[in-house]
Number of protein chains: 2
Amino acid sequence: MNSFGSYLRHRREALRVKDRSYSVRQVAKRVGLEPAYLSKIERDEVAPPSEEAIGRLAEALGEDRDALLALGGKVSSDLLELIRRHPVAFAELIRGLRDAPPAALLRVVREVRDGDW
Amino acid sequence: MNSFGSYLRHRREALRVKDRSYSVRQVAKRVGLEPAYLSKIERDEVAPPSEEAIGRLAEALGEDRDALLALGGKVSSDLLELIRRHPVAFAELIRGLRDAPPAALLRVVREVRDGDW
DNA sequence: AAAAGTGTGTAGTAGGTATGACACATGAAC
DNA sequence: GTTCATGTGTCATACCTACTACACACTTTT
């Protein structure tokens, strides 16, 4: 299983090869966390941090925010708020796509993106 | 503002007119909560209860689970899990529907329900 | 070889979440 | 008029969540 912590560690170390400033300590500083805490996060010794912290980590490491949040077991709070505005419709929409093959999911996404309403 | 608590109270009292067993105490018992706690919930003296408790309340009062959860500021955990399986796609899909008129939202829902993949 | 940087172990904590237990006063039922 | 049911006030709590602070040993840089 690719846990949140180990994924984070691999990504950071990959960046570190090209840029020495991607140490635990310096990334922690940029992101506004204690180095010891980030270290524990990367070793999965503690649970993934807050949504805000994950967002800053995603930015610092050039990762997709929503994807990293998902790895951390969370969903962006702005999405939650949108769902809560139309709970029944979104519930049916999301559950309706449960078994959809990725291609079908992407088609719906594209359809909506191209805003045909 | 129609808060979670006051909505719950109104719904319960409406049911109580026809069926005297919809008292705070008896509903609390059916739902597995302390009467004093349910009372506080209905008066918004405390935050809405857990997802599980809201689910049982929805069932006991004949309400839509997802709608009641939304009123309580939550989103069903099974939806969260589905989103976490395709975080980027679902994020774009949901954000893409942010400003969609309800009719358009319903159209997409129906389209998916009729499973055209 | 001193200074600076590195990762991590240990300990502690402030605030939130989700309740339970008991007691009491009022009102309805028998 | 006692019994029973009702809603609610007060108090307590166990368990998370999301961290910080300090200290230590090792490595790299100068």
Side-chain angles (χ1 to χ4, degrees), chain A residues 3-58 60-61 68-77 80 84, chain B residues 3-58 60-61 65 68-77 80:
Chain A
S3 66
F4 181 79
S6 63
Y7 178 79
L8 218 60
R9 170 140 298 189
H10 285 132
R11 292 310 296 133
R12 187 183 53 74
E13 284 180 343
L15 290 170
R16 185 132 208 251
V17 173
K18 296 275 172 188
D19 183 337
R20 296 304 294 166
S21 85
Y22 283 89
S23 68
V24 168
R25 279 181 124 95
Q26 296 194 49
V27 170
K29 180 155 206 179
R30 277 177 233 145
V31 163
L33 293 178
E34 283 289 311
Y37 184 38
L38 179 55
S39 171
K40 272 177 285 197
I41 290 169
E42 289 193 351
R43 284 171 296 125
D44 297 302
E45 206 190 291
V46 298
S50 67
E51 178 182 348
E52 292 72 31
I54 293 179
R56 296 194 302 271
L57 280 167
L61 302 180
L68 200 57
L69 280 171
L71 245 188
K74 322 219 174 199
V75 172
S76 184
S77 56
L80 297 183
R84 275 188 258 116
Chain B
S3 65
F4 181 79
S6 63
Y7 177 80
L8 218 60
R9 171 141 296 190
H10 286 133
R11 292 310 298 134
R12 187 181 54 75
E13 285 180 343
L15 290 170
R16 184 135 208 248
V17 172
K18 296 275 169 186
D19 183 338
R20 296 303 294 166
S21 86
Y22 283 88
S23 68
V24 168
R25 278 181 126 94
Q26 297 194 49
V27 170
K29 181 155 205 177
R30 276 177 233 144
V31 164
L33 294 178
E34 282 291 310
Y37 183 39
L38 178 55
S39 172
K40 273 177 285 196
I41 290 169
E42 288 193 351
R43 284 171 296 123
D44 297 303
E45 206 191 290
V46 299
S50 66
E51 179 182 347
E52 292 72 32
I54 293 179
R56 296 194 301 270
L57 280 167
L61 301 180
R65 199 187 115 99
L68 200 58
L69 280 171
L71 247 188
K74 321 218 176 200
V75 172
S76 184
S77 55
L80 297 184

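Labels below follow one simple rule: chain letters A, B, ... track the order of the sequence lines, proteins then strands, and each chain is numbered from 1. Just the heavy atoms: all of them, side chains too, but no hydrogens, waters or symmetry mates, feed the values below.
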Please report, rounded to the nearest Å, how far the [atom2] atom of [N] is from the [atom1] atom of [X].
X     : N      : atom1 : atom2 : value
A/E34 : C/dA11 : CD    : P     : 18 Å
B/I41 : C/dA18 : CD1   : P     : 10 Å
A/Y37 : C/dA14 : OH    : C1'   : 14 Å

Subject >> Cation-pi check, B/R30 onto B/Y22 ring (under 6.0 Å, within 45° of axis) >> reply: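 Judged by the rule, B/R30 and B/Y22 form a cation-pi pair.
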Original post:
With a 4.0 Å cut-off on heavy atoms, is B/K74 in touch with a base, just the backbone sugar-phosphate, or nothing at all?
Top reply: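 Sugar-phosphate contact only.
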Original post:
If only side-chain N and O atoms of A/R43 are considered, is one of them under 4.0 Å from the OP1 or OP2 phosphate oxygen of C/dG7?
Top reply: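 False: A/R43 side-chain N/O out of range (4.0 Å or more) of C/dG7 OP1/OP2.
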**OP:** Ignoring backbone atoms, establish whether A/S39 has a side-chain N or O less than 4.0 Å from OP1 or OP2 of C/dG9.
**Re:**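 A/S39 to C/dG9 OP1/OP2: no side-chain N or O under 4.0 Å.
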Subject >> Evaluation steps, side-chain contact (heavy atoms from CB on, under 4.5 Å), between B/V27 and B/L33 >> reply: CA-CA 8 Å; B/V27 170; B/L33 294 178; over 6 Å; no
Original post:
Is there side-chain contact between B/R12 and B/R16, with heavy atoms separated by less than 4.5 Å?
Top reply: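 Yes; the side chains approach each other to less than 4.5 Å.
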Original post:
When you list every nucleotide of DNA chain D with an atom under 4.0 Å from a heavy atom of chain A, which one comes first 5' to 3', and which comes last?
Top reply: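 The contact span of chain A on DNA chain D goes from D/dA18 to D/dC22.
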For nucleotides 2-6 of chain C, print each protein N/O atom paired with a nucleotide N/O atom at under 3.5 Å, atom names and distance only.
unit_1: C/dT6; atom_1: OP1; unit_2: A/S23; atom_2: OG; d: 3.2
unit_1: C/dT6; atom_1: OP1; unit_2: A/Q26; atom_2: NE2; d: 2.9

Original post:
Has the side chain of A/E51 got a donor or acceptor atom that lies under 3.5 Å from a matching backbone atom of A/K74?
Top reply: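 Checking the backbone N and O of A/K74 against the side chain of A/E51, no donor-acceptor pair under 3.5 Å is found.
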